[in-house]
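Worksheet for the structure shown next.
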Amino acid sequence: MERVIFLDRDGTLNEEVNYLHRKEDLVLLPGVAEALGELKRAGYRLVVVTNQAGVARGYYGEDEVVSLHAYMNELLAPQGAQIDHFFYCPHHPEHGIGIYKKACHCRKPETGMFEMAEQYYEIDKEHSWMIGDKKIDVEAGRNYGVHTILVGTGYGAEERAEAEENLHEGESLPWDFYADTLLEAVEEILKSNDLEKGTKQET
Ligand SMILES: O=P(O)(O)OC[C@@H](O)[C@H]1O[C@H](OP(=O)(O)O)[C@@H](O)[C@@H](O)[C@@H]1O
Ligand SMILES: [Mg+2]
Ligand SMILES: [Zn+2]
């Protein structure tokens with residue numbers, strides 16, 4: 001079975017610039033290549049799951065999404081940090097043009113993109129994670145059944161504050177961990193991995 005790290009894209013791996021589609025606007029966040037390289041060396045598969053409603057909205061085409069992903073992997077290659085698979089949802093339930101306007105099963109917080117990864121991997125959900133900068137990202141991870149981390153980059157800090165403000169007594173936040181950056185999130189994952197290995201050795 002494979003341990004998979006599902007990753008949101010905009011605001012988690014790269015700067016959130018509102019409907020990113022041009023290579024020249026792609027800026028990896030600090031520490032991202034290092035963090036992804038550490039995960040790969042620890043044996044995780046890296047799978048991006050990104051809502052790209054910019055396609056539905058007519059801002060850019062699917063071909064531009066695909067070439068941007070190839071370019072992202074070119075940037076990550078020198079650190080051995082390439083993404084294994086990219087999945088994107090080009091739809092929007094209300095703002096789409098033509099075939100893209102639909103209530104689909106792939107737009108997060110739905111789980112369609114996670115299920116697409118099952119074509120490639122037998123996923124060990126107990127040891128897999130979803131990391132993202134929005135509540136819908138961690139909700140999608142929970143809906144699918146993996147551990148979740150909200151990062152404070154992109155929309156993350158705002159989303160955290162909003163969720164905390166709206167939290168009612170007896171409720172818990174919709175993520176398992178909060179980390180300021182992807183690098184800190186990865187340290188949390190590797191720590192829980194090591195802890196588990198230690199526990200197994202002792203028993
Ligand atoms: O990788 P992500 O974070 O899933 O990608 C989000 C962006 O595509 C886009 O998302 C939101 O747009 P829609 O509501 O899906 O139309 C906005 O937050 C935009 O600012 C983001 O760029
Ligand atoms: Mg995002
Ligand atoms: Zn979709």
Side-chain angles (χ1 to χ4, degrees), residues 1-14 16 29 31-32 35-36 38-40 42-53 65 69 72 81 83-93 103-164 166-167 171-196:
M1 285 179 101
E2 302 269 8
R3 296 174 176 218
V4 177
I5 308 295
F6 293 97
L7 296 151
D8 169 62
R9 195 191 80 184
D10 300 329
T12 299
L13 301 182
N14 52 269
E16 168 62 69
L29 290 167
V32 160
L36 298 181
E38 280 190 38
L39 287 172
K40 296 273 281 202
Y44 288 92
R45 296 289 186 169
L46 305 184
V47 173
V48 163
V49 287
T50 175
N51 283 354
Q52 289 303 314
V65 178
H69 291 164
M72 182 180 271
I83 303 297
D84 294 295
H85 287 278
F86 289 91
F87 296 104
Y88 62 91
C89 164
H91 310 113
H92 194 281
C104 62
H105 180 54
C106 41
R107 182 173 166 85
K108 295 173 286 184
E110 292 288 324
T111 55
M113 292 190 281
F114 297 72
E115 286 146 20
M116 287 175 204
E118 292 174 359
Q119 293 168 32
Y120 302 92
Y121 310 117
E122 196 186 340
I123 300 169
D124 176 359
K125 289 190 186 180
E126 275 281 301
H127 298 99
S128 295
W129 298 72
M130 168 67 197
I131 309 174
D133 71 319
K134 283 188 190 167
K135 192 165 159 242
I136 54 167
D137 296 319
V138 288
E139 284 170 349
R142 281 213 171 159
N143 288 339
Y144 183 62
V146 294
H147 305 285
T148 58
I149 302 184
L150 184 83
V151 282
T153 49
Y155 291 105
E158 275 169 52
E159 295 259 323
R160 180 197 195 189
E162 197 184 316
E164 285 178 351
N166 296 325
L167 196 68
E171 288 178 351
S172 54
L173 290 164
W175 51 83
D176 299 326
F177 295 101
Y178 174 85
D180 284 327
T181 62
L182 185 73
L183 197 53
E184 286 180 25
V186 166
E187 278 156 16
E188 190 59 53
I189 292 171
L190 298 178
K191 198 169 72 189
S192 69
N193 210 1
D194 289 348
L195 275 176
E196 197 187 329

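Only this structure's heavy atoms are used, side chains among them; waters, hydrogens and symmetry mates stay out.
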- Where do Val146 and Val4 land on the side chain to side chain contact (heavy atoms under 4.5 Å, CB included) test, with the steps shown first? CA-CA 9 Å; Val146 294; Val4 177; over 6 Å; no
- Measure the SG-CD distance between Cys106 and Glu115 for me, rounded to the nearest 0.5 Å. 10.0 Å
- Item | With Glu16 via salt bridge (Lys or Arg N to Asp or Glu O under 4.0 Å) - residues at least two apart | none
- Query: Of all residues at least two apart in sequence or in a different chain, which pass the side chain to side chain contact (heavy atoms under 4.5 Å, CB included) check with Glu158?
  - Reply: Tyr155
- Message: Measuring from atom CH2 of Trp129 to atom NE2 of His147, what distance do you get when rounded to the nearest 0.5 angstrom?
- Response: 5.5 Å
- Message: With a 4.5 Å cut-off on side-chain heavy atoms, are Val138 and Met130 touching?
- Response: no
- Polar contact flag, side-chain donor to acceptor under 3.5 angstrom, Asn193-Arg3: yes
- Note on the structure: Distance col, row Ser128:OG vs Met1:CE, nearest 0.5 angstrom, shows 8.0 Å
- Paired with Leu182, the side chain to side chain contact (heavy atoms under 4.5 Å, CB included) test is passed by just one of Leu29, Val32, Leu39, Thr153, namely Val32
- Under the side-chain hydrogen bond (donor to acceptor under 3.5 Å, both in side chains) rule, collect the residues that match up with Tyr121, sequence neighbours excluded. His85
- Message: Per the salt bridge (charged side-chain N to carboxylate O under 4.0 Å, His left out) rule, what does the pair list look like for residues 124-133, sequence neighbours excluded?
- Response: none
- Least distance between heavy atoms, Ala185 atom then Val151 atom: CB-CG1, 4.1 Å
- Message: Checking His91 now: which residues fulfil side-chain hydrogen bond (donor to acceptor under 3.5 Å, both in side chains) with it, not counting sequence neighbours?
- Response: none
- Note on the structure: side chain to side chain contact (heavy atoms under 4.5 Å, CB included) filter on Arg160, not counting sequence neighbours, yields Leu150, Glu164, Trp175, Tyr178
- Residues forming a salt bridge (Lys or Arg N to Asp or Glu O under 4.0 Å) with Glu110, sequence neighbours excluded: none
- Message: Suppose we screen for side chain to side chain contact (heavy atoms under 4.5 Å, CB included). Which residues come up paired with Phe86, at least two apart in sequence or across chains?
- Response: Val48, His69, Met72, Asn73, Ile83
- How far apart are the closest heavy atoms of Asn143 and Pro109, and which atoms are they? ND2-O, 2.8 Å
- Message: Using 0.5 Å steps for rounding, measure from the CG atom of Asn166 to the NZ atom of Lys135.
- Response: 8.0 Å
- Item | Residues forming a side chain to side chain contact (heavy atoms under 4.5 Å, CB included) with Ala117, sequence neighbours excluded | Phe6, Val47, Phe87, Ile123
- List in chain and number order the residues that pass salt bridge (Lys or Arg N to Asp or Glu O under 4.0 Å) with Asp176, two or more places apart in sequence or in another chain; answer none if no residue qualifies. Arg142
- Would you call Arg45 and Glu2 a salt bridge, using N to O less than 4.0 angstrom? yes
- Any chance CD of Glu118 has more than 12 other-residue heavy atoms, nucleotides or ligands included, within less than 6.0 Å? yes
- Message: Keeping Thr181 on the side-chain end and Glu184 on the backbone end, is there a donor-acceptor pair under 3.5 Å?
- Response: yes
- Message: Could you measure the distance from the OG atom of Ser192 to the NE2 atom of His127? Nearest 0.5 Å is fine.
- Response: 8.5 Å
- Item | Non-neighbouring partners of Lys108 that pass side-chain hydrogen bond (donor to acceptor under 3.5 Å, both in side chains), sequence neighbours left out | Asp8, Asp137
- Note on the structure: Residue set satisfying side-chain hydrogen bond (donor to acceptor under 3.5 Å, both in side chains) with Glu171, at least two apart, ordered chain then number -> His168
- Task: Starting at CZ of Arg107, measure out to OG1 of Thr50 and round the result to the nearest 0.5 Å.
- Result: 10.0 Å
- Query: Can you find a heavy atom in the side chain of Ile131 that is under 4.5 Å from one in the side chain of Ile5?
  - Reply: yes
- Which atom of Leu46 lies closest to which atom of Ala81, heavy atoms considered: CD1-O, 4.1 Å
